[in-house]
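Written out below as structure tokens is the structure these notes cover.
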Amino acid sequence: MTTLHVQVSDAPLDPTAALEHCSAPGHGAAALFIGRVRDLNQGRQVRAVSYDLHAVLCRNVFKEICAEARGQWGESLHLWLTHRHGRLAVGEASVIAAASSPHRDESFKACRYLVEEMKHRAPIWKQEHYIDGDSDWVKGHALCSHG
Amino acid sequence: MTTLHVQVSDAPLDPTAALEHCSAPGHGAAALFIGRVRDLNQGRQVRAVSYDLHAVLCRNVFKEICAEARGQWGESLHLWLTHRHGRLAVGEASVIAAASSPHRDESFKACRYLVEEMKHRAPIWKQEHYIDGDSDWVKGHALCSHG
Amino acid sequence: MNTNTELNPVSVRLYGAFRQFGQESTLDVSLPLDARVADLRVGLAQHYAGNDSALALLQASAFATDQAVLDEHEALPQDQPISILPPVCGG
Amino acid sequence: MNTNTELNPVSVRLYGAFRQFGQESTLDVSLPLDARVADLRVGLAQHYAGNDSALALLQASAFATDQAVLDEHEALPQDQPISILPPVCGG
């Protein structure tokens, strides 16, 4: 069994699968994060969000982030990082990150690390659709090479 | 609808219900923690754990902890804190804590706060059952009054 | 100890490791009507006399109603269930 | 710019806000065979000449293969798909 799961998908994300993946007889703790589409962003009322992403590079970046988390909080960590693409309505999950570990501190920190790094490094973009009919690409974080 | 859910139960805990509870159109983030029975504790191989708790006081302490989390990270937080009692096999969930909020920082911090405070303040005790047939009550944190 | 000689039975609910010292889930201690929490601790110490592990656990334990943990110098509430809470370890 | 005069068509895949500047999901730019990443950026600036918001986005964007983000001074890989990545905002 592989203890690392990264994926991008246009199908709804499954937190139950993430929690099953992030478990082991020696793991006393699992932490999970869900990001969902919010009805309000910077004062504008949002109806839906379209996510665009570079699938192959995204998976590579996800794997890289997970490897870093294991380097920092333990090679035995089980990790899960999935991001959805396509058009999502308010309330739908755009990202699920999860981690399990023997003790809770590592799970919390690794889970948060996956989320933060994904937001800053993964090639993902979002276009917000407002209730007034307008749409806008959200400003993001500029990427730089690690080389 | 109440946005706070605290409970103690001898039935299996349900992370899906926790994630449904911790959601709202204005909440872009939810964090969840699961504590599970581990097969090894301080070098001894564990077969199962029996949890004993003071149900009424436990719920009161859970509510108090949740109120503190809202005071610190926002009254709009949705919070979930449930603990199981009775005999649990390795891998079964003993506690689920979850929080949702507009932005992720509050969810992560509130979720962690619920877990840490629960461990230090809630009237819960555990007896480990080892594969050699022995059983032992686990040493814990002494309570003091807040008065 | 208190000097009031009128005694009152106080029933204390046992939790956690206190369950290993007997079959009962409560323990009755006779205390003066105006006893404080500290007097209950002394009464329980008499009950557990000779049992070193129970006495050590008692020293590390707190007392509580269903609402809150009690302070050592508070008057013992008369009309509410009292529990003894050994050091806790939820999660 | 490079002085090599032999030109090569480079196909750049567009993502995010770059999709709003046209219907195509890729853009072809002619570049010398030994072009660097910086040369591709110049070529795209010529394509978007006059479109201030595209030029501003281009300036904030990175280029990448499917494996990694490219450094500005690297030689442009010849045999791999190249993508332009505007500032990201997953989650």
Side-chain angles (χ1 to χ4, degrees), chain A residues 13-20 22-42 45-49 76 78 88-116 118-119 126 128 131, chain B residues 13-20 22-42 45-49 76 78 88-116 118-119 126 128 131:
Chain A
L13 304 181
D14 182 358
T16 304
L19 289 171
E20 278 165 13
C22 289
S23 68
H27 287 187
L32 175 139
F33 174 82
I34 299 191
R36 297 190 182 105
V37 174
R38 213 152 29 103
D39 64 358
L40 194 76
N41 193 28
Q42 301 192 315
Q45 286 190 279
V46 174
R47 185 197 301 283
V49 170
S76 86
H78 288 205
L88 278 68
V90 167
E92 288 195 89
S94 56
V95 59
I96 292 182
S100 65
S101 53
H103 300 282
R104 69 190 180 282
D105 192 50
E106 292 78 3
S107 281
F108 272 114
K109 285 179 176 161
C111 178
R112 177 119 206 205
Y113 185 81
L114 300 189
V115 177
E116 299 299 325
M118 176 278 296
K119 282 188 174 264
K126 64 180 164 194
E128 290 179 335
I131 61 165
Chain B
L13 303 181
D14 182 0
T16 304
L19 289 171
E20 279 166 12
C22 288
S23 68
H27 286 187
L32 175 139
F33 175 83
I34 299 192
R36 297 191 181 105
V37 173
R38 212 151 29 101
D39 65 357
L40 195 74
N41 194 28
Q42 302 193 311
Q45 286 190 278
V46 174
R47 183 197 302 281
V49 171
S76 86
H78 288 204
L88 278 69
V90 167
E92 288 195 88
S94 55
V95 60
I96 293 182
S100 66
S101 53
H103 301 284
R104 67 190 181 283
D105 192 51
E106 292 78 3
S107 282
F108 272 114
K109 286 180 176 160
C111 178
R112 177 120 205 204
Y113 185 81
L114 300 189
V115 176
E116 299 299 326
M118 176 278 295
K119 282 187 175 266
K126 65 180 165 196
E128 290 179 336
I131 60 163

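The chains referred to below are lettered A, B, ... by the order of the sequence lines, with proteins before strands, and numbering in each begins at 1.
Chosen from B/V90, B/D105, B/V115, the residue pairing most often with chain A at heavy-atom distances under 4.5 Å is B/D105. For the options A/G28, A/S100, A/A98, heavy-atom pairs under 4.5 Å to chain B are most numerous at A/G28. The greatest number of non-hydrogen atom pairs below 4.5 Å with chain B, out of A/A31, A/G26, A/G35, is found for A/G26.
Only the backbone of A/V37 comes within contact range of chain B, with heavy atoms under 4.5 Å apart. Of the atoms belonging to A/V46, not a single heavy atom falls under 4.5 Å from chain B.
In terms of heavy-atom proximity, B/R36 sits nearest to A/A30 at NH1-CB, 3.7 Å.
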Donor-acceptor contacts, no H, no angles, side chain residues 13-20 of chain B, under 3.5 Å, sequence neighbours left out:
residue : atom : partner : partner atom : Å
B/D14   : OD1  : B/T16   : N            : 3.0
B/D14   : OD1  : B/A17   : N            : 3.3
B/T16   : OG1  : A/T16   : OG1          : 3.4

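For the atom pair CD1 of B/I34 and CZ of A/R104, the computed distance is 15.0 Å after rounding to the nearest 0.5 Å.
Residues of residues 107-114 of chain B lying under 4.5 angstrom from chain A, judged on non-hydrogen atoms, are B/F108, B/C111, B/R112 by number.
Listed by chain and residue number, B/Q45 satisfy the side chain to side chain contact (heavy atoms under 4.5 Å, CB included) test with B/L40 (two or more places apart in sequence, or in another chain).
Pairs engaging residues 88-98 of chain B under the salt bridge (Lys or Arg N to Asp or Glu O under 4.0 Å) rule: B/R84-B/E92 [sequence neighbours left out].
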